Each structure stands twice: as structure tokens, then as C-alpha cells.
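In what follows, a structure is listed as C-alpha cells, so that the remarks can point back to it.
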Protein chains: 2
Amino acid sequence: MARSGSRPSSGPPTLADVAERAGVSRQTVSNAVNNPDLLRADTLARVQTAITELGYLPNRAARSLRTRTSHLIGLRIQPAQEGTANATMDRFVHSLVETSKEAGYHVLLFTGDPADPLAGYDDLLRSTAVDAFVVTDTYLGNPQAGWLDQRRAPFVAFGRPWEATHGAHAWVDVDGAAGVALATQHLLDKGHTRVAWIGWRKDSPIGEDRRSGWVRAMHERGLPTTGLASRVEDTVVSGRSAAEVLLDEAEPTAFVCASDTLAVGVLHALHERGLRAGDDVAVVGFDDSQVAQVVRPGLSSVRQPLEQVAVEIVATLEGLLSHPPVPQAHGVLLEPTLEVRDSSGPVRG
Amino acid sequence: MARSGSRPSSGPPTLADVAERAGVSRQTVSNAVNNPDLLRADTLARVQTAITELGYLPNRAARSLRTRTSHLIGLRIQPAQEGTANATMDRFVHSLVETSKEAGYHVLLFTGDPADPLAGYDDLLRSTAVDAFVVTDTYLGNPQAGWLDQRRAPFVAFGRPWEATHGAHAWVDVDGAAGVALATQHLLDKGHTRVAWIGWRKDSPIGEDRRSGWVRAMHERGLPTTGLASRVEDTVVSGRSAAEVLLDEAEPTAFVCASDTLAVGVLHALHERGLRAGDDVAVVGFDDSQVAQVVRPGLSSVRQPLEQVAVEIVATLEGLLSHPPVPQAHGVLLEPTLEVRDSSGPVRG
DNA sequence: GTGAAAGCGCTAACAT
DNA sequence: ATGTTAGCGCTTTCAC
């Protein structure tokens, strides 16, 4: 590993250093690294020895300049939302970094002015800093996908394109409706019939999608949904207020929520009334956040397979970036799972 | 912004494109970007117009190759710990990305095999992929700092060097002892006298530091600490067990914990006994996690000024990376604050 | 104040 | 199977 005294001392070893030490040309060293098959076995061995002895690793800037690829993936992160239980993004970032590494990519983070969704993308693109982007917030009206498409920038979205207007791009998403249906069926199986829904406002397609899972599961069992649903802001207090109204007006015995944040609000409302979550009224959240994992009673929650999302995204990215580009599956929809904890309680008669 | 048809069509515009359009040499364009002072006002204006029209931005690979700086900062992230309330790292990442951006740096993420703390650093260093690192886990016996020092790799640690063995490097940290003292004083001011401590095992210097804040605050008021402390693993169940033992054996009226995770365990123990957190027994955690913010009752917690930590780290980094390097302050210690919520309850007689 | 020449470290294309 | 040539886009000398 240590540098031997062959060179003056400036910086890491280069191709030329390895070539000199191995007694071959620079190109042969390059081939040893990138196309080992081209070398004779003994030459390859000699070069590899020199590489190891010198601790050589190709200079990324030089390689990028030549190959026009940075092996960097750009990911825009938003400031964390405090006062909520939302944690999807952070878990996803970890998964993406892990998976990218295996594919030879690193993740470059950038922010994030919520008012200007395009900020950051443009600069990185024009300076050829990244090979591709992972776009995470494909909410309705978000111009990123269309804009990137138009710039012919390779990208994969975590989230379906909810608008039909733009040409379809590659995406990976989790089937929120299926997750909520899973949660609802779980409650119905336990004997509940009046299962309420607390979700987000109607302009959130993700929220509407999740809601549809609840509707579907209820209707499949011939149960009514009228008066059992509420659409609010994604905050704890909104969840709590919504739960109070529903408890007064519709007497549900169980709640399914679009987020853990809302579900925590429901837990608060129940406690306020002396009702025991899990025993008296069941609650299921969405995201399997740290909060769901540590509150008492444990909050049952729909868990997104973020590791798998990352794997699919990176696989899609690799196809997009390969030469020639491999045509990618239009989109990949993954199934979430249900983490059952005490808040959805014991089996009921 | 749009490309005009001056060039065949391949990729983003280069210096040469701008030079041609502005009717100057490539070098003059480079100067316009990097040393505007050298140009005559009218030339500068002409060049800048061409830059804007073409949407030119310097190619990062080329610039990196030439200047031997990538303007990238490496940050190693660990897989998130599920089942805990720990969230310091994620909040810090956001802050670091924001602050780095203002200084012209981007953050490059890498993992993270817990068994091999050096993994990742070496490759990025040898391939000159990053200019510097931010090292976050400076626990006792962590070889990263010493190793990076030896490699002459620029880095700043978030966390003090707890070992005296290695030469001192630049660091930024939060005064955990001061934070815990703050929490303890807050409880003492409310009339508590038997304030218990639940912290981490003795081999955690961070834990011992935080504990010392509790000891100091208690002794300052002439109060005993004997029998009031417990050292356990950082899990909810450990916090709960520790609380149960302390409640049985020492009858504390308040708890200060080394983490929100432990504090949540205390909340569970109290509930189990029909005791009301905040009313009957006060609890304060550490980290101001999402969990602290949404549980009921709201968990009072020590909050680390992570935005400020990021600012100090980036400032130190800039000094380290400037030419010639500006000698950096040995270390910067920042004061946490206390977020008071219902778990530390109303004023007591 | 501006331009010309050189070269950072690497790899693609060609020659041997 | 290996070596030679050229050039990616930029900035750092050094002339003018």
C-alpha cells in the first residue's frame, strides 16, 4: 500500500507511475484496469502487482473528462419536516447510497429550495457533474420530470407520473393503495366493520391513491365508506381533530391513516377520551417510521420496501446509462408490507 | 439559455464556444469566470453575455483535473437505526448539504460497513474524488481520525477526539454535558430534588460526558447522585427497565436521559405504573427527535444546534482547503438548547 | 488587458 | 498483445 520512493512525492500515483514500475506502456495499464481480457496473463499479473504496490486508483477527474461520465447520481433532498413522523426520505437515501455503490456509483446530494423545484438540477447538468438524477417528489404539477425529459437528462423517478401530459419516463413506486388495502383487510379480518380513513387533501394524488385502497377493501366486503373518511393536512393536530370528529359522528372502531403523523394524532385523540388504542379502537399508520416503532402502544404501519425501491431504481439507471441505452421498463410498482403492532390490537369477536 | 446553432450539437457548451461567440480567446473567457478583475469592463460584459446566452458552466471534470480540487466533501453515513428515536445524523446531513452549497461544495455520500470504519475513505482519497471529509463517528478507538491525519487528508470531525493519543485535528462538537446540565437545572428549578440519570455504558465517552453534566448540576445544588444513575444500552426496552429499577430503588421524581430513545423507555415505564409523565414524574430526553416532538406528552429534550455545527464545520473546512491553509481553531464547542414540553411538566411546589 | 502554449491523467482509435 | 498518438475542457505560465 505504501508509496515507494519512485516518484518525487507529489500526490497519488498515476498511470505513468504504474507503467514505469511494471515496465509497460501507460495504455497497457489502462487496459489492465478496464479491459483485463486484452492482456496476456503474465503481463496482467505484473501490472496488477505494480498497481497494488503503488496503491493506484484511477483519477476520477481525468477519467470523467475522458469518458464523459462522472459515476455520480444527483439526489435533491428537502429540509426535514420537524414535528411530523415522516422519515421515508432518510431511509431511502441510505438504501440508495448502498445500492449505488454496488453499481459503481456515488450519490451527490443537493438542496432543495421548495419554491424552485428546478434549482440545482440545471447547474449540475450544465457542469456535467452527475450522470443522472433520482427524482423523488413527483407530486402533481411538479415540472422536474418534464423539464429533465426535455433536457434529455437521464433520470429515474421514485414515484409515478400522476400527470398524463408528459411523455412517460422511467419510474419506480410503491403501491400505496395496495398497502392501505392490506391494512384495511387486516382490520376487517379482526372483526372491525366501521373502519375510518384519515388522509390528505384531495389535491394529493398519492393521498388519493392510498385512499382508494381503503375504499376498495371496504367495498370488497360490502361495507359502506360514507361518512367514514376525512381529508386533512399532514400534521399531528389535524389527525387528532379529524379523529375526534369521526369518533363523534361516525363511531368507527378502527382508523387507517395516510401517514404515521396522522396516526399519532389519532392515538392522541383516543387517549384524550380514555380509549385504549388497540383494545378499544384500532389504528394503522403508513411509513413505519421510528415513531411507529417506539410509541406505546406500538403503531401498526404500512412499510415501504425502500431497499427494493433503491435496487430497482439503480437497475433502471444502469440501463439508461449503458451504451447503447437499454430500453427500460416503463415503470415498476412494488408491494408494501404491513408491520403489525399493538395499535391494531388482539383479534376481536 | 437555449443553445444556438453555433456548434454541431454535442453536449454542453465549452469555453471555446463562449470564446468564439464573444470574439475573444478561450483564456479570456476563463479569466472572465475566475478573475473578472483582469478584464476590461466592456470585454467582460461581452463575455458574460455570451456565457448567459449559451448557458455555459465550466465542466467540473476538466476543472477538477486541472486544479486538483473536486469541490466535493465526503460524508460516510451509517444505516439508520430502526427501533430507536435517533435522528441526529439525518438532520445534520441536511444542514451540511445546505451550508456546503453556500461555500461552493457538494456532499458526496458513501457507506458505511460498521465492521470496517476505514472502508470507503481510502478509495475516495486515492481516486482524488473528494477534497475533504466530514467525520462523524469519533467514538473511542475509532481509527479514522488518526488514519486520515497520517494520510494528510483534510477533514473536520463532528465530535471531539476523546483519545489524547493522536495529534489533535480540527473538530466541532456540541457540549453534551452543558445540555444535560441545562436539562437538570430545569428540573431542579421546578422543585425536583431526586433527579435520576439514565445513560449509556461506561465505554461511551459521549455518554460519560453527558452524564457529567447531570452530576455537576446536582452537586452545584448540594444534591446527592448516589444510587440515582443507571448505564444501559441505547434501546427503548433498556430505558424502560432502567426506569423501573430506579423507581423501585431510588424513588426519583424526574429522569434525565442520554437519548430520546431511553427517555421513551422511561415514558413507557411510567405509563405501566399508572404514573403520568410530566405530572407525577418528569422526563427529559436528548436529541429533540421527531419522536420527542410527536409523542404524548411532548418529550422535553436537549436539542443540538446542528445547523450551527454544519456552519462551523464548513468554515473550518474552507480554512483547511484554502491556499495557503489557514491555521484552524483547534476545536469549536457549541451550546445545545433545551426544548421544554409537557413531559417536564408544570412548576412544582 | 489579451492571447498562445503546455499539460493535468486518462482512454479511444489506430498502428505495430 | 502492446505501444503510439491525440485530445477530453480547463487553468497556469508566459509572451505580447
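These numbers come from a predicted model, not from an experiment. Numbered from 1 within each chain, the chains take letters A, B, ... in sequence-line order.
- In the set D/dT11, D/dG9, C/dG1, D/dG9 carries the atom at the smallest distance from any side-chain atom of B/Leu65.
- For the pairing with B/Val134, the side chain to side chain contact (heavy atoms under 4.5 Å, CB included) check across B/Val314, B/Ile313, B/Val93, B/Val172 returns one residue only, B/Ile313.
- Atom CZ in A/Arg40 sits roughly 10 Å away from atom P in D/dG3 (whole-Å rounding).
- Judged by distance alone, the side chain of A/Ser64 and the main-chain N or O of A/Thr69 form a donor-acceptor pair under 3.5 Å.
- The interatomic distance linking B/Arg66 (CZ) with D/dG7 (P) rounds to 18 Å, in whole Å.
- The interatomic distance linking B/Leu15 (CG) with C/dC8 (P) rounds to 19 Å, in whole Å.
- Here B/Thr43 lies in heavy-atom contact (under 4.0 Å) with sugar-phosphate atoms only.
- Closest to the side chain of B/Arg63, out of C/dG1, D/dC10, D/dT4, is D/dC10.
- Nucleic acid contact class of B/Arg68 (heavy atoms, under 4.0 Å, all strands): sugar-phosphate only.
- Comparing B/Asn31 and A/Asn59 along DNA chain C, the residue whose closest nucleotide (by nearest heavy atom) sits nearer the 5' end is B/Asn31.
- Counting only heavy atoms from C-beta on, B/Pro58 has its side chain closest to D/dC10 among C/dT2, D/dC10, C/dC10.
- At the phosphate of D/dT11, OP1 or OP2 sits under 4.0 Å from a side-chain N or O atom of B/Ser30.
- Between the P atom of C/dG3 and the CD atom of B/Glu20 lies a distance of 14 Å, rounded to the nearest Å.
- Residues B/Phe110 and A/Lys101 fail the side-chain proximity criterion, which asks for heavy atoms closer than 4.5 Å.
- Checked against C/dG3, C/dC10, C/dG9, the side chain of A/Tyr56 finds its nearest nucleotide in C/dC10.
- With a 4.5 Å cut-off on side-chain heavy atoms, B/Ser95 and B/Glu307 count as touching.
- As a whole-Å value, the separation of A/Arg26 CZ from C/dT11 P is 10 Å.
- C/dA15 atom P lies 15 Å from atom CD of A/Gln27, rounded to whole Å.
- Per the geometry, CG belonging to B/Leu38 stands 9 Å off P belonging to C/dT2, to the nearest Å.
- With 3.5 Å as the limit, one finds a donor-acceptor pair spanning the side chains of B/Thr28 and B/Ser25.
- Atom CG of B/Asn35 and atom C1' of D/dC10 are 13 Å apart (whole Å).
- Contact annotation for A/Leu39: backbone-only contact, meaning every heavy-atom pair under 4.0 Å involves sugar-phosphate atoms and none involves a base.
- In the set D/dT11, C/dT11, D/dG9, D/dT11 carries the atom at the smallest distance from any side-chain atom of B/Asn34.
- Taking side-chain N and O atoms only, A/Thr28 has no distance below 4.0 Å to OP1 or OP2 of D/dT2.
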